[in-house]
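Numbers for residues simply follow the sequence, beginning at 1.
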Amino acid sequence: QVQLVESGGRLVQAGGSLRLSCAASGRTSSNRHMGWFRQAPGKEREFVAAISWSGGNTNYADSVKGRFTISRDNAKNTVYLQMNNLKPDDTAVYYCAAGIDSYTFRYYYTDWKKYDYWGQGTQVTVSS
């Protein structure tokens with residue numbers, strides 16, 4: 001089992017920045033590759049960013065590319081999502097996810113159904 005706890009979400013004005021954190025505990029073999037997803041009211045959960053165990057492979061949704069940066073500190077078992085130039089459309093509950101094997105991660109890292117473990121989410125609200 002893996003426990004994931006997100007933090008860092010809050011109300012921010014458009015153009016502002018936030019850094020979300022996701023602290024993992026438990027079976028570390030299950031949090032090798034990780035992702036961030038978000039879900040706005042009335043919308044489906046969508047992929048935001050993903051990072052491999054080494055941190056050498058990162059991927060982003062087109063909507064956040066150039067504005068968001070995913071990173072990790074394996075010594076702290078923590079994954080981060082630095083969000084810059086936030087827009088009202090970024091408003092959502094942000095979730096981190098883990099529990100995806102290397103083969104599945106390589107081809108399906110954008111598919112939230114492929115991840116086994118989820119945090120409780122952290123609310124990000126961007127005002128215009």
Side-chain angles (χ1 to χ4, degrees):
Q1 288 288 336
V2 174
Q3 292 77 44
L4 304 173
V5 179
E6 302 98 333
S7 62
R10 63 177 176 84
L11 173 64
V12 64
Q13 288 189 331
S17 297
L18 284 177
R19 188 177 81 156
L20 305 184
S21 299
C22 173
S25 61
R27 189 171 68 181
T28 56
S29 62
S30 295
N31 67 331
R32 294 175 63 84
H33 312 300
M34 298 188 68
W36 282 98
F37 292 77
R38 65 187 183 186
Q39 189 165 19
K43 295 187 177 181
E44 293 188 356
R45 188 166 300 190
E46 66 173 0
F47 168 75
V48 175
I51 188 167
S52 62
W53 172 246
S54 68
N57 184 13
T58 58
N59 294 281
Y60 299 92
D62 287 343
S63 60
V64 307
K65 203 170 292 184
R67 300 188 297 124
F68 291 11
T69 302
I70 188 171
S71 62
R72 67 189 302 160
D73 183 342
N74 287 341
K76 297 181 178 180
N77 288 325
T78 301
V79 174
Y80 304 98
L81 185 68
Q82 177 66 43
M83 306 187 295
N84 297 329
N85 190 21
L86 283 161
K87 305 175 180 180
D89 284 349
D90 295 319
T91 295
V93 177
Y94 283 70
Y95 300 91
C96 67
I100 184 170
D101 62 78
S102 294
Y103 177 85
T104 307
F105 179 80
R106 180 177 180 183
Y107 297 104
Y108 301 107
Y109 58 85
T110 63
D111 186 348
W112 66 268
K113 297 183 289 298
K114 301 298 186 184
Y115 294 78
D116 290 333
Y117 302 105
W118 293 84
Q120 82 289 349
T122 186
Q123 176 71 48
V124 172
T125 304
V126 184
S127 63
S128 57

Search all heavy atoms of Pro88 against all heavy atoms of Ser128 and return the closest pair with its distance. CG-CB, 3.9 Å
Using every non-hydrogen atom in the two residues, find where Tyr60 and Ala49 come nearest and quote the distance to one decimal. CD2-CB, 3.7 Å
Here the disulfide bond (SG atoms under 2.5 Å apart) pairs for residues 79-128, sequence neighbours left out, are Cys22-Cys96
Quick one: [atom1] on [X] to [atom2] on [Y], what's the gap to the nearest 0.5 Å?
{"X": "Met34", "Y": "Asn77", "atom1": "CE", "atom2": "CG", "value": "9.0 Å"}
{"X": "Ile70", "Y": "Gln82", "atom1": "CD1", "atom2": "CD", "value": "12.0 Å"}
{"X": "Arg38", "Y": "Thr91", "atom1": "CZ", "atom2": "OG1", "value": "9.0 Å"}

Kindly determine whether Val124 and Met83 satisfy side-chain contact (heavy atoms from CB on, under 4.5 Å), including the steps that lead there. CA-CA 10 Å; Val124 172; Met83 306 187 295; 3.9 Å; yes
Residues sharing Tyr107's hydrophobic cluster, by side-chain heavy-atom contacts under 4.5 Å among ILVMFWY, directly or via others? Tyr103, Tyr108
Tell me if a side-chain donor or acceptor on Arg67 pairs with a main-chain N or O of Asn85 at a distance below 3.5 Å. yes
Got a sec, which pairs hit side chain to side chain donor-acceptor pair (under 3.5 Å) with one end in residues 11-21, sequence neighbours left out? Ser17-Asn84
The criterion is side chain to side chain contact (heavy atoms under 4.5 Å, CB included); which residues satisfy it with [X], sequence neighbours excluded?
{"X": "Ser52", "value": "His33, Ser54, Asn57, Phe105"}
{"X": "Asp89", "value": "none"}
{"X": "Arg10", "value": "Val12, Leu18"}

Per the ring-ring contact (aromatic ring centres under 6.0 Å, His included) rule, which among Tyr109, Tyr94, Trp112, Trp36 passes with Phe47? Tyr109
With a 4.0 Å cut-off, would you call Asp62 and Lys65 a salt bridge? yes
